[in-house]
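Worksheet for the structure shown next.
What you see is a predicted model, and the numbers here were worked out from it, not measured in a lab. Note that ligands are numbered from 1 as they come in the structure, with each ligand's atoms numbered from 1 the same way.
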Amino acid sequence: MSQFMFVTDLDNTLVNHDTEDDKALQELNHRLSQHRQEHGSKIVYATGRSSVLYRQLAAEKKLIEPDALVVAVGTEIYINSSESVPGEDILSGKLANPKGDNCDRDWSAQIATGWNRNTVVSITDKFDELKSQPDTEQRPFKVSFFLEESASERILPKLETELQKCGLNIKLIYSSGIDLDIVPKNSDKGQAMRFLRQKWGFVAEQTVACGDSGNDIALFAAGEERGIIVGNARPELIQWHSENPADNRYLAKNICAGGILEGLKHFGFLE
Ligand code: GLC
Ligand code: MG
């Protein structure tokens, strides 16, 4: 068994919100912690949540501490350096503070080109169908709304055209039939994964990403990394997967953490 880089989405991928039974999650946590200890594997969470909402979930579901945290759909990366004082970790809020001013600076610099938050806001203001998400989810490089699925097909192309007209280097990410994120074009979960992979020296074949919804497509589209789509994945991801088939991607039968375990065994990362 050799080391690997494990990247996972949280909501409805690692964490199942529909049950109190967390046996599969506990087993996965145990296997991953052990692998990290014995082989130096790395654990990365890649979520659409802000660090504020991440910490709530981490406490509630007793998540193990990751080696890096990718929040706000890939626009912020926090690396848990070994120099950090024990106890002052991501969960305590030191690494990922709500202002985001301690996130990886190289990454922030890389995605800042062509991004202008004020312009994005001034354009989105003109669309009544876009309902602002809570303040915690509005980030320096992420503007987020709720948009009803029934209106999305009509609104998204229009909005994109308006934003492009201003020469903005942006991308729209629509997930779960409700969440709309507007972020810099060169930032998403997949590009954040590649940034970490290169930083730590993992080849794509030793990297595996897991997800369930639209904002995870970037993880699976990144390249040769292994992909695990959990059994409860959303239609938008299943549809993308069937339109873009690839041998390095595995569609699990089991849901959430159970599906991740199944996929890790399929690829030979775990026995
Ligand atoms: C999380 C975030 C939200 C985002 C969604 C999809 O729910 O809190 O802001 O829109 O993920 O990326
Ligand atoms: Mg999810």
Salt-bridge present (Glu148, Lys131; N to O < 4.0 Å) | no

According to the interplanar angle, ranging from 0 to 90°, do the rings of His266 and Tyr250 count as parallel (below 30°), tilted (30 to 60°) or perpendicular (above 60°)?
-> parallel

Does the side chain of Tyr174 come within less than 4.5 Å of Glu153's, by heavy atoms?
-> no

Is it true that Asp104 and Lys199 have a side-chain N and a carboxylate O under 4.0 angstrom from each other?
-> yes

For Glu137 and Ser50, test the side chains for any donor-to-acceptor distance below 3.5 angstrom and give the result as yes or no.
-> yes

Check for a donor-acceptor pair, side chain of Tyr45 on one end and backbone N or O of Ala58 on the other, with a separation under 3.5 Å.
-> no

Are there any N/O pairs under 3.5 Å between ligand 1 and the protein, and if so, what are their distances?
unit_1	atom_1	unit_2	atom_2	d
ligand 1	8 (O)	Glu137	OE1	2.7
ligand 1	9 (O)	Gln133	OE1	2.5
ligand 1	9 (O)	Lys142	NZ	2.8
ligand 1	10 (O)	Gln133	NE2	3.0
ligand 1	10 (O)	Asp181	OD1	2.6
ligand 1	10 (O)	Asp181	OD2	3.4
ligand 1	12 (O)	Asp181	OD2	2.6
ligand 1	12 (O)	Asn215	ND2	2.7

Does a salt bridge link Asp11 with Arg49, judged by any charged N lying under 4.0 Å from a carboxylate O?
-> yes

For the pair Phe4 and Phe6, name the ring-plane relationship: parallel under 30°, tilted 30 to 60°, perpendicular over 60°.
-> perpendicular

Counting no waters, what protein N/O/S atoms lie under 2.8 Å from the Mg ion (ligand 2)?
-> Asp9 OD2, Asp11 O, Asp212 OD1

With a 4.5 Å heavy-atom cut-off, do Phe202 and Lys42 have their side chains touching?
-> yes

